[in-house]
Each structure stands twice: as C-alpha cells, then as structure tokens.
S.K.: 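Attaching a single structure in structure tokens format; questions to follow.
Source: prediction; values computed, not measured.
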Amino acid sequence: MTRALPVHVDADQLQKLLDTLPDTVFFIKDARGCYTHANLTLVRRLGLNRREDVVGRTPAELFPQRLGDAYASQDRRVLAGHAISSQLEIHLFPNRAPGWCLTHKTPLRQGEAIIGLIGLSHDLKQPDGRHPGYARLRRVLDHMEAHYGEGVRMQALAKLAGLSLSQLERQFHRVFHLTPQQWLTRLRIEAAMELLRGDDSIAAIGQACGFSDQSAFSRQFKASVGATPRDYRRLVA
C-alpha cells in the first residue's frame, strides 16, 4: 500500500493561488492584527494597486472606520482563540459599494501559541434559479419577505415547502447559498438599514424588523454592518 506524502503549501503559494479568485478575499494577519498576506482581490477592493500598500497595516488603517473597527474587533476574538465561521456581513465590493459576504477566520498556531490568523470572505452568489427546487423554495422566500418582522419559525417554513427541516436547510443552501435563518437575518438587517434613515426610534425599528429586543437587534446589526444602529444612523443622516 502506497502512503501519501505530506504536502506543505507555504503562505506565499496560497496567496498566489487565491489571487485568481475575484469573488474571494484572502488574508493572513500577525498577532498584532497587521496584514502579512493579502490576495489581489482585497488589494483592489481597497482601491490600491500594490500588495505592499496593505502588508504591515491594520484594518483600521485601510477601511472606513465602521468596517475597520468591526474587523479589528473580530480579529481580537480570533487571536484569543475563537474561530469565526460563515459570518454573514457587509463588505466593500470593487466599486466601493456595499455587498453581502460570508466570512471565515481561524487562529494560526505555533505549538500552543497563537501567532496570527488566516481568513477568507466569499461574495454571496446570486440564487440558482435553474435548481429544480427553486419554485418550491421561492414560496418560502416570499413568505419570509412578507413576514420578516414577525416570529418566523423554521419548522413552519419547512411545512410550507413540503419538506423536513433538514431537507429545507440543505436545498435552501444549494439554491440561495445561505441557510434560511441567515437569509431571514439578511432581510431584517436590510430593512433596518433603510428604516434607520427615518425618524423612528431604534427600539421601534428593531421590533418592526423581527428582533426580540433592542439588545439582540444591536448585536446582530453590529455583527453584520460593522456599526451599532445608533452609529449607523449618524453615518447616513
């Protein structure tokens, strides 16, 4: 029996490979939260031309304040040993417009010590309208869009689609590239972002968008947008 030989890919090789993916941001940071590696997708989204303009700097030095502060806060959690998986959040796209993505970050270890972190952010793809289950799942999506401000139960959505809960989650992810709960969160956050341009109280907006209380609303909004509802309102006022 032939044994497979271990394959070691260094960070520079990985960076070069991921330079080819226009819809994926890749980065490595040191224990201070400074970039040591960044693929060209990230460089271009920052409006820069050279990788050297990113390396050695922190997110707070490169991104608008609300995003830079949010990414730095994430980094501190990861550097403390807590991985982040499939975090739904808003990023800057190449035209500097905001768009949704899924972010993954994990600590880099040398023995027991955490020496940095490595991460990927994938742009959220368009739904696969050619999937045979699209029409059935469209009914679920329409229901969420009409009732996101209410207490939407995943089991009720599965019944609406004529599927078990596990079947709904698998098929929904294949078509929309998110879980039903992530899609519901996206609808609620987008509605809240629009309402925060008006005069309603933050508590009223959170309730209107389906959040159980103002604290839950603020936590989820900041995780997704990079600013609290109050700070976001100041930015768009």
Side-chain angles (χ1 to χ4, degrees), residues 7-111 113-126 177-178 186 189-190 193 221-228 231-237:
V7 176
H8 300 286
V9 179
D10 68 27
D12 291 337
Q13 290 176 310
L14 187 58
Q15 177 180 255
K16 186 174 181 178
L17 174 65
L18 293 173
D19 276 343
T20 64
L21 301 181
D23 59 353
T24 300
V25 164
F26 164 77
F27 50 87
I28 299 176
K29 300 174 187 176
D30 63 21
R32 299 171 300 153
C34 297
Y35 289 95
T36 63
H37 295 77
N39 73 340
L40 291 179
T41 302
L42 175 56
V43 174
R44 289 164 183 155
R45 291 190 183 189
L46 288 166
L48 302 172
N49 296 315
R50 304 182 311 142
R51 212 185 311 269
E52 293 76 14
D53 296 327
V54 177
V55 172
R57 301 172 74 182
T58 66
E61 296 174 296
L62 293 166
F63 288 91
Q65 183 178 0
R66 69 177 179 84
L67 292 177
D69 290 348
Y71 301 156
S73 177
Q74 275 187 353
D75 292 347
R76 288 191 292 271
R77 285 176 53 207
V78 178
L79 290 169
H82 305 286
I84 293 173
S85 178
S86 297
Q87 172 66 53
L88 180 64
E89 59 186 12
I90 292 178
H91 268 203
L92 292 179
F93 279 8
N95 59 359
R96 306 291 285 176
W100 289 96
C101 72
L102 288 173
T103 293
H104 315 262
K105 295 182 180 180
T106 192
L108 285 175
R109 299 178 185 271
Q110 189 172 72
I114 295 175
I115 60 171
L117 64 87
I118 186 169
L120 289 170
S121 290
H122 305 285
D123 297 349
L124 196 59
K125 300 176 183 177
Q126 292 298 312
H177 313 292
L178 291 175
R186 173 180 170 172
I189 294 298
E190 287 177 344
M193 291 170 70
F221 192 92
K222 185 173 183 180
S224 300
V225 181
T228 65
D231 289 341
Y232 181 81
R233 169 168 271 173
R234 294 193 189 103
L235 289 169
V236 300

S.K.: Starting from the C-alpha separation in whole Å, work towards a yes-or-no answer on side chain to side chain contact (heavy atoms under 4.5 Å, CB included) for Leu178 and Leu124.
M.R.: CA-CA 8 Å; Leu178 291 175; Leu124 196 59; 3.6 Å; yes
S.K.: Can you see which heavy atom on Gly56 is nearest to which on Cys34, and at what distance?
M.R.: O-SG, 3.8 Å
S.K.: Please confirm whether the backbone N or O of Ile84 pairs with a side-chain atom of Gln87, one donor and one acceptor, at under 3.5 Å?
M.R.: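 Between the backbone of Ile84 and the side chain of Gln87 there is no qualifying donor-acceptor contact (under 3.5 Å).
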S.K.: When rounded to the nearest 0.5 angstrom, what distance separates CG in Asp231 from CD in Gln65?
M.R.: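 So the gap between those two atoms works out to 8.5 Å.
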S.K.: Testing the basics here: between Arg50 and Val43, what is the closest heavy-atom pair and its distance to 0.1 Å?
M.R.: O-CG1, 3.7 Å
S.K.: Distance-only, no hydrogens or angles: does the Asp30 side chain make a donor-acceptor pair with backbone N or O of Gly116 under 3.5 Å?
M.R.: no
S.K.: Give the minimum heavy-atom separation between Asp75 and Lys105, together with the two atoms involved.
M.R.: OD1-NZ, 2.7 Å
S.K.: Does the distance from a Lys or Arg side-chain N to an Asp or Glu carboxylate O, for Asp123 and Arg45, drop under 4.0 Å?
M.R.: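 Yes, this pair counts.
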S.K.: Could you tell me whether Glu52 atom CD has more than 12 heavy atoms of other residues or ligands within 6.0 Å of it?
M.R.: yes
S.K.: Under 3.5 Å, is there a donor-acceptor pair between the side chain of Gln110 and the main chain of Ile115?
M.R.: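 A pair under 3.5 Å: no.
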S.K.: Check the pair Asp53, Leu62 against side chain to side chain contact (heavy atoms under 4.5 Å, CB included), reporting the backbone distance first and the verdict last.
M.R.: CA-CA 9 Å; Asp53 296 327; Leu62 293 166; over 6 Å; no
S.K.: Would Trp100 and Ile90 count as a side chain to side chain contact (heavy atoms under 4.5 Å, CB included) if you check the C-alpha gap in whole Å, the side-chain angles of each, and the deciding distance to 0.1 Å?
M.R.: CA-CA 5 Å; Trp100 289 96; Ile90 292 178; 4.0 Å; yes
S.K.: Which pair of heavy atoms, one from Ala70 and one from Gly226, lies closest together, and at what distance?
M.R.: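 Looking at all heavy atoms of both residues, the closest pair is CB-CA, 3.4 Å.
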S.K.: Leu120 and side-chain contact (heavy atoms from CB on, under 4.5 Å): which single residue from Leu18, Thr103, Leu102 fits?
M.R.: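 It is Leu18; the other options fail the test.
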S.K.: Whether the side chain of Ser121 engages the backbone of Val25 through a donor-acceptor N/O pair (distance < 3.5 Å, no angle test) should be reported.
M.R.: no
S.K.: Is there a side-chain contact between Asp12 and His37 (heavy atoms, below 4.5 Å)?
M.R.: yes
S.K.: Looking at Asn39 and Thr24, would you say the former's side chain and the latter's main chain have a donor-acceptor pair under 3.5 Å?
M.R.: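 Yes, the answer is positive, given that a donor and an acceptor are paired below the 3.5 Å cut-off.
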S.K.: Quick one: pull up SG in Cys101 and CG in Asp23 and give me the separation to the nearest 0.5 Å.
M.R.: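 It is 11.0 Å, given to the nearest 0.5 Å.
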S.K.: State whether Asp19 and Arg51 are salt-bridged, where the test is any N-O pair (Lys NZ or Arg NE/NH1/NH2 against Asp/Glu carboxylate O) under 4.0 Å.
M.R.: yes
S.K.: Please tell me if the side chains of Tyr35 and Leu42 come closer than 4.5 Å, counting only heavy atoms from C-beta onward.
M.R.: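 A side-chain contact exists here, since the closest heavy-atom pair is under 4.5 Å.
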S.K.: Can you tell me how far the CD atom of Gln15 sits from the CD atom of Gln13, to the nearest 0.5 Å?
M.R.: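 If we round to the nearest 0.5 Å, Gln15:CD and Gln13:CD are 11.5 Å apart.
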S.K.: Any chance you could measure Phe26, atom CZ, to Lys16, atom NZ, to the nearest 0.5 Å?
M.R.: 14.5 Å
S.K.: Quick one, Leu40 with Thr20, criterion side chain to side chain contact (heavy atoms under 4.5 Å, CB included). Give me CA distance, side-chain angles, the key distance, then yes/no.
M.R.: CA-CA 8 Å; Leu40 291 179; Thr20 64; over 6 Å; no
S.K.: At their closest point, which heavy atom of Gly33 faces which heavy atom of Leu79, and how far apart are they?
M.R.: N-CD1, 4.2 Å
S.K.: Is the distance between the ring centroids of His122 and His104 less than 6.0 Å?
M.R.: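 Ring centres of His104 and His122 closer than 6.0 Å.
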S.K.: Using 0.5 Å steps for rounding, measure from the OG1 atom of Thr228 to the CZ atom of Arg234.
M.R.: 7.0 Å
S.K.: Is the shortest heavy-atom distance from the side chain of Met193 to the side chain of Phe221 under 4.5 Å?
M.R.: yes
S.K.: If you take all heavy atoms of Val78 and Ile114, which pair is closest and at what distance?
M.R.: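 Closest heavy-atom pair between Val78 and Ile114: O-CD1, 4.3 Å.
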S.K.: Do you see a donor-acceptor pair shorter than 3.5 Å between the side chains of Glu89 and Ser224?
M.R.: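 Side-chain D/A pair, Glu89 to Ser224: absent.
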S.K.: I'd like to check Leu117 versus Thr106 (side-chain heavy atoms, cut-off strictly below 4.5 Å). Are they in contact?
M.R.: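 The answer is no, as the side chains (C-beta and beyond) never meet within the 4.5 Å cut-off.
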S.K.: Between the side chain of Thr41 and the main-chain N/O of Leu21, is any donor-acceptor distance below 3.5 Å?
M.R.: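 Checked: pair present.
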